[in-house]
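Heads up, the thing below is written out as structure tokens.
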Amino acid sequence: MKELFKINQFNLMASDMIALNRSLPDVRLDGCKTKVYPDHLPNTSIVIVFHNEAWSTLLRTVRSVINRSPRHLVVEIVLVDDFSERDFLGKKLEDYARTLEVPVKILRMEERSGLIRARLRGAAATKGQVITFLDAHCECTVGWLEPLLARIKEDRTAVVCPIIDVISDETFEYMAGSDMTYGGFNWKLNFRWYPVPQREMDRRKGDRTLPVRTPTMAGGLFSIDKTYFEEIGSYDPGMDIWGGENLEMSFRIWQCGGSLEIVTCSHVGHVFRKATPYSFPGGTGQVINKNNRRLAEVWMDDFKDFFYIISPGVMRVNYGDVSSRKSLRGALKCRPFSWYLENIYPDSQIPRRYYSLGEIRNVETNQCVDNMGRKENEKVGFFNCHGMGGNQVFSYTADKEIRTDDLCLDVSRLNGPVVMLKCHHMKGNQMFQYDAERLTLLHVNSNQCLDMPLEEDKMVPTLRDCNGSRSQQWLLRNMTLNL
Ligand code: UD2
Ligand code: MN
């Protein structure tokens with residue numbers, strides 16, 4: 001079992017022992033089970049790209065589509081082989097595909113191209129009105145397709161994702177995903193799930209069966225009207241192998257007038273892995289940073305600084321030519337990133353307005369506040385200023401919070417230490433008032449100053465009564481007073 005695990009980074013032995021057409025629980029909300037959808041839904045082609053996928057997971061994906069979709073809604077399944085090296089994905093796959101009751105097209109990339117260009121190839125070959133993309137290790141559950149297509153029928157500019165359920169990489173147990181999380185991203189441009197904010201619950205008047213407007217998507221599983229996919233600029237063909245395309249598409253859809261939604265009545269399972277099983281020609285970091293730079297340069301305007309200041313190393317990565325993507329943005333008259341932050345993602349980790357971004361240096365010790373790679377609920381530390389971004393990047397925001405990515409400096413008692421907690425946007429213990437003349441950071445709730453007290457042998461940023469000493473003076477990088 002352990003040996004087989006290494007091949008695909010999931011328990012291949014378990015997967016191979018499970019039937020390709022296994023039953024799954026119906027994990028939908030009750031309100032979803034009784035919904036009635038229009039008779040004439042647009043039909044869809046299913047596009048699945050893969051590189052060295054295992055037989056059982058790939059074919060279980062295909063079988064689950066066939067078994068759990070109304071036959072007339074699935075025009076075809078397009079499999080795009082991204083230059084796999086495994087024998088069984090050759091003729092054996094073609095022979096098996098011919099036995100299936102839905103037309104299956106198999107396309108082969110001539111060289112390792114990455115999932116983005118493989119999907120472009122697959123999409124170009126589709127005949128359906130809608131394109132539905134799936135990863136090659138998914139399982140569709142009962143009723144997954146109708147709500148996706150019904151939403152596109154209502155609005156062809158809605159790009160829709162199912163709830164992504166979790167298929168355990170260890171046991172292949174099927175576990176329902178939550179309808180209370182949606183997609184976001186952090187300063188390093190990693191996709192992350194965050195709780196659906198109250199404002200979005202209110203907009204849906206508390207009806208959890210209605211689609212959630214999500215700032216970003218995970219990337220692997222979604223349906224999009226085919227002509228809209230083309231109109232809105234499909235994918236950036238300059239992106240390699242893996243990563244970044246999901247945020248690129250998310251920003252593009254929102255900024256250029258579409259919408260991105262999680263249709264909570266649709267559930268599709270996916271095997272989430274802890275490591276990637278395949279190679280990244282050119283190096284993992286190089287590839288992902290190149291893709292991320294392309295999306296940052298085209299879509300994020302000045303807010304790309306958050307990405308560049310936290311990971312200054314990426315500036316050395318060549319991202320190629322993005323001029324055609326920039327002209328696309330111009331031709332579609334897309335809105336600025338600030339509009340996206342204000343209207344689509346106000347609870348973003350990137351503040352729309354901020355006073356400073358970069359290190360926070362103590363005048364007395366000449367050292368910098370440093371999150372020391374610690375996690376939520378732990379104390380913030382300090383360290384020699386290294387100018388390398390990372391753990392020493394903080395932003396002093398217009399809301400007067402000091403945040404590093406999704407964590408805010410927070411003090412809950414007099415003379416207390418400074419800990420890092422999830423930003424709550426409620427001011428309170430997370431509000432600091434910077435005095436640009438005295439250089440002090442006043443914690444408003446306690447009326448004390450942020451200090452680096454020297455009397456203790458272990459120094460940690462701490463609150464003390466304000467006393468005008470140099471250890472209470474702080475220099476904020478890239479400080480601007482007028483927002
Ligand atoms: C997530 C997405 C994935 C993609 C990725 C960011 C989900 C469930 N998955 O990562 O679809 O958006 O984020 O890029 O949202 N593949 C190729 N050629 C390659 C590399 C991968 O064809 O060079 C295939 C791979 O076999 C799989 C699909 O692309 O079918 C996605 O790859 P993954 O499963 O490794 O990505 P995942 O789920 O970690
Ligand atoms: Mn995947």
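Positions are given from 1 along the sequence. When a ligand or atom number is given, it counts from 1 through the structure's own listing order.
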**OP:** Please check if the distance between the ring centroids of F133 and F229 is under 6.0 Å.
**Re:**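 Ring centres of F229 and F133 closer than 6.0 Å.
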**OP:** Flag the pair F10 / F5 as yes when their ring centroid distance falls below 6.0 Å, and as no otherwise.
**Re:**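 Between F10 and F5, the centre distance exceeds or equals 6.0 Å.
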If you have a sec, work out which protein heavy atom is nearest [atom] and how many Å separate them, to one decimal?
| atom | answer |
| --- | --- |
| atom 12 (O) of ligand 1 | E245 OE2, 2.5 Å |
| atom 18 (N) of ligand 1 | D82 OD2, 2.7 Å |
| atom 15 (O) of ligand 1 | G220 N, 2.9 Å |
| atom 35 (O) of ligand 1 | Y278 OH, 2.4 Å |
| atom 26 (O) of ligand 1 | H51 N, 3.1 Å |
| atom 9 (N) of ligand 1 | D135 OD2, 3.0 Å |
| atom 16 (N) of ligand 1 | L115 CB, 3.8 Å |

Check: [X] side chain, [Y] main-chain N or O, donor-acceptor pair, under 3.5 Å:
| X | Y | result |
| --- | --- | --- |
| Q430 | H424 | yes |
| N43 | Q129 | yes |
| T171 | E173 | yes |

Give a yes/no on ligand 1: does [X] have at least one heavy atom closer than 4.0 angstrom to it?
| X | answer |
| --- | --- |
| A118 | no |
| V49 | yes |
| R119 | yes |

**OP:** Determine which of the N, O or S atoms in D135 is closest to the Mn ion (ligand 2) and give its atom name.
**Re:**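 Nearest N/O/S atom: OD2.
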Between the side chains of [X] and [Y], does any donor sit under 3.5 Å from an acceptor?
| X | Y | result |
| --- | --- | --- |
| T132 | T44 | yes |
| Y340 | R335 | no |
| R112 | S279 | yes |

Original post:
Short list, please: which atoms of ligand 1 are under 4.0 Å from a heavy atom of R273?
Top reply: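 Contacts of ligand 1 toward R273, numbered from 1: 33 (P), 34 (O), 35 (O).
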**OP:** Identify the two heavy atoms, one from T264 and one from R204, that lie closest to each other, and give their separation to 0.1 Å.
**Re:**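 Heavy atoms only, the tightest pair is CG2-NH2, 4.1 Å.
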Original post:
Any idea which heavy atoms bring W242 and L115 closest together, and the distance?
Top reply: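 Closest heavy-atom pair between W242 and L115: CD1-CD2, 3.6 Å.
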Original post:
Where the Mn ion (ligand 2) is the corner point, what angle links NE2 of H137 with NE2 of H270, to 10°?
Top reply: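 It comes to 90°.
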Pick whichever of [options] has a heavy atom sitting closest to [atom].
| atom | options | answer |
| --- | --- | --- |
| atom 38 (O) of ligand 1 | H270, H137, R117, M109 | H270 |
| atom 39 (O) of ligand 1 | F280, F133, W242 | W242 |
| atom 13 (O) of ligand 1 | G183, A218, G219 | A218 |

**OP:** Please say whether A136 places an N or O atom under 3.5 Å from an N or O atom belonging to ligand 1.
**Re:**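 Checking ligand 1 against A136, an N or O pair does fall under 3.5 Å apart.
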Original post:
Hey, does L221 come in under 3.5 Å of ligand 1, counting only N/O atoms on both sides?
Top reply: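 Checking ligand 1 against L221, no N or O pair falls under 3.5 Å apart.
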**OP:** May I ask you to check whether C138 brings an N, O or S atom to under 2.8 Å from the Mn ion (ligand 2)?
**Re:**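 Coordinating: no.
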Subject >> CA sep, side-chain torsions, deciding dist, call: D406, R192, salt bridge (Lys or Arg N to Asp or Glu O under 4.0 Å) >> reply: CA-CA 11 Å; D406 52 358; R192 288 278 180 274; over 6 Å; no
Subject >> Electrostatic pair D405:K188 at N-O distance under 4.0 angstrom >> reply: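 Not counted as a salt bridge, because no side-chain N and carboxylate O are separated by less than 4.0 Å.
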